[in-house]
Amino acid sequence: MAAKHDLLVIAGPTASGKSALALELAGRLNLEIISGDSMQLYRGLDIGTAKPTATERRLVPHHLIDLFAFSERVDVFRFVKLAGDCIESVAARGNLPCVVGGTGLYLKSLIYGLDDLPADSAVRARIDAQYAAGDRFEELKKVMAARDPVSLTRWEKNQRRLLRALEVLTVSGRSISELQSGPRPARYRTLTLVLDWERDELKRRIAERTGKMLGSGWLEEARIAIAGGLLDSPTARQAIGYDLIAEYLAGNMTRNALAARIATVTWQLARRQLTWFRHQHPEAEWVECPADPDAVAERVERFFRSSPVAGRN
RNA sequence: GGCAGGAUAGCUCAGUUGGUAGAGCAGGGGACUGAAAAUCCCCGUGUCGCCAGUUCGAUUCUGGCUCCGGCCA
């Protein structure tokens, strides 16, 4: 059924049941699942990132999971490249690529593309060494005031964004603000579904899932990952929960406090995700949950069949 | 029973030399182009435990009461 540039995206906050719905759809449509999750990319973070189980992965082809050791630094640009290639090969097999995940920036960048902004890790390392420390922010602002006042105004209080702006400026000689283009059309004929729960219900699901994860081996998984250097890794260390579990394992927290802390931090993530999807994805359709898989599958089919592009391939 | 404490925002607490109050956390909203499960911005009226007294005016001083955690018996 899928045409060449068709793309199904299942998005939504954490614990909204994206993976489960994708699996249900896979039972009704010919689709392959591509993870759109910045943390599932890493090996060794299984329970903590709620990866699909081995059984589920055997049942339906899953991609972009377990690709990297957590010592590795992955970013949007890399994800977009990987996912783009992946989508192509899925489509070549005649299946519908279904990106499933909650990393909004990754999804948006995949759908709409990334501007061709320069990046240079050596330059960046130099900039970071010079201006990334907390007490160097004022200095950084002074530099930007002279060289790129527009970006300074934009990120006056966000050191990290300003560092990136300086990187782009240093490499290209031009302001990042000037190199970024405005809104543009999607690269795929995309149906984005955002799973939408009643607030308290989602909160409840998060608390419940946190408890389940802690009760089914997350502590041990975290212990091993931490022993393997997770907390010193460049990006994987940001995965929620592991730092808190480290504190718990060090005896600084009760088990109940740990569960509560993780649930809180997870809820805060969910809120940020919802804000993102509310405002960054004009193409999105919100699906009231719990959703009926049959109805969703029908909606998906209708979307891609009725499309003017569908017959082309 | 005695001795000193504490009682202020959902929680932990600060404060007002008497003119009705503010931080952190939680919570809510927002931004977002190479760290995004990240980073950052905005949002704080609550019988200042209860009753009485002093005072123009008390959450702030005085007395009593209630409750809580201590210490001594």
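Below, read A as the first sequence line, B as the second, and so on, with proteins coming before strands; counting in each chain starts at 1.
Among the atoms of the strands shown, none is found under 4.0 Å from any heavy atom of A:Ser109. Heavy atoms of A:Ser121 sit nowhere under 4.0 angstrom from any nucleic acid atom. Residue-level contact check: A:Arg199 touches the backbone only, with heavy atoms under 4.0 Å from sugar-phosphate atoms and none from bases. When heavy atoms are screened at a 4.0 angstrom cut-off, A:Gln280 is found touching base atoms of the nucleic acid. Backbone-only engagement by A:Gly102 is indicated by non-hydrogen atom pairs under 4.0 Å involving sugar-phosphate atoms exclusively. Contacts of A:Val265 with the nucleic acid, taken as non-hydrogen atoms under 4.0 Å apart, are absent. Nucleic acid contact class of A:Thr266 (heavy atoms, under 4.0 Å, all strands): none. Looking at heavy-atom distances under 4.0 Å, A:Arg237 makes no contact with the nucleic acid at all. Contact annotation for A:Phe79: no contact, since no heavy-atom pair falls under 4.0 Å across all strands. Among the heavy atoms of the strands lying under 4.0 Å from A:Trp276 is at least one base atom, whether or not backbone atoms are also near. Nucleic acid contact for A:Arg73: base, since at least one base atom lies under 4.0 Å from a heavy atom of the residue.
In this structure, A:Phe79 and A:Tyr106 have parallel ring planes: the angle between them is below the 30° cut-off, well short of the 60° mark.
Separating the CZ atom in A:Arg154 from the CE atom in A:Met144 is a distance of 10.5 Å, to the nearest 0.5 Å. A distance of 4.0 Å separates CG of A:Leu8 from SG of A:Cys98, quoted to the nearest 0.5 Å.
Residue order along RNA chain B, read from the 5' end via each residue's closest nucleotide, puts A:Thr235 first among A:Thr235 and A:Arg160. Taking for each of A:Thr14 and A:Arg261 the nucleotide of RNA chain B with the nearest heavy atom, the 5'-most of the two is the partner of A:Arg261.
The C1' atoms of B:C43 and B:A23 are separated by 15 Å, rounded to the nearest whole Å. B:A9 sits 30 Å from B:G1 when the P atoms are compared, rounded to a whole Å. Rounded to whole Å, the P atom of B:G22 lies 8 Å from the corresponding atom of B:U45. Rounded to the nearest Å, the gap between the P atom of B:C25 and that of B:C40 is 12 Å. For the C1' atoms, the distance from B:C61 to B:C67 is 23 Å, rounded to whole Å. When the C1' atom is used for both B:G18 and B:C48, the distance is 14 Å, rounded to whole Å. Separating the C1' atom of B:G44 from that of B:C51 is a span of 30 Å, rounded to the nearest Å. The separation of B:A26 from B:G69, taken at their C1' atoms, amounts to 24 Å, rounded to a whole angstrom.
B:C50 is paired with B:G64 under the criterion used here, namely a Watson-Crick or G-U wobble arrangement in which both key atom distances are under 3.5 Å. In this structure B:U39 sits in a base pair with B:A31, meeting the Watson-Crick or G-U test at under 3.5 Å.
For the pair A:Lys141 and A:Phe137, the cation-pi criterion (under 6.0 Å, within 45° of the ring axis) is fulfilled.
Where RNA chain B meets chain A (any atom under 4.0 Å from a heavy atom), the bounding nucleotides read 5' to 3' are B:A26 to B:C42.
Under the side-chain contact (heavy atoms from CB on, under 4.5 Å) test applied with A:His63, the options A:Asp85, A:Val90, A:Ile33, A:Ile87 reduce to a single match, A:Val90.
Between the side chains of A:Ser177 and A:Ser151, a donor-acceptor pair is found at a separation under 3.5 Å.
Here the closest non-hydrogen pair linking A:Thr235 and A:Met39 is O-CE, 3.5 Å.
Taking the charged nitrogens against the carboxylate oxygens, A:Arg124 and A:Asp120 have no contact shorter than 4.0 Å, which rules out a salt bridge.
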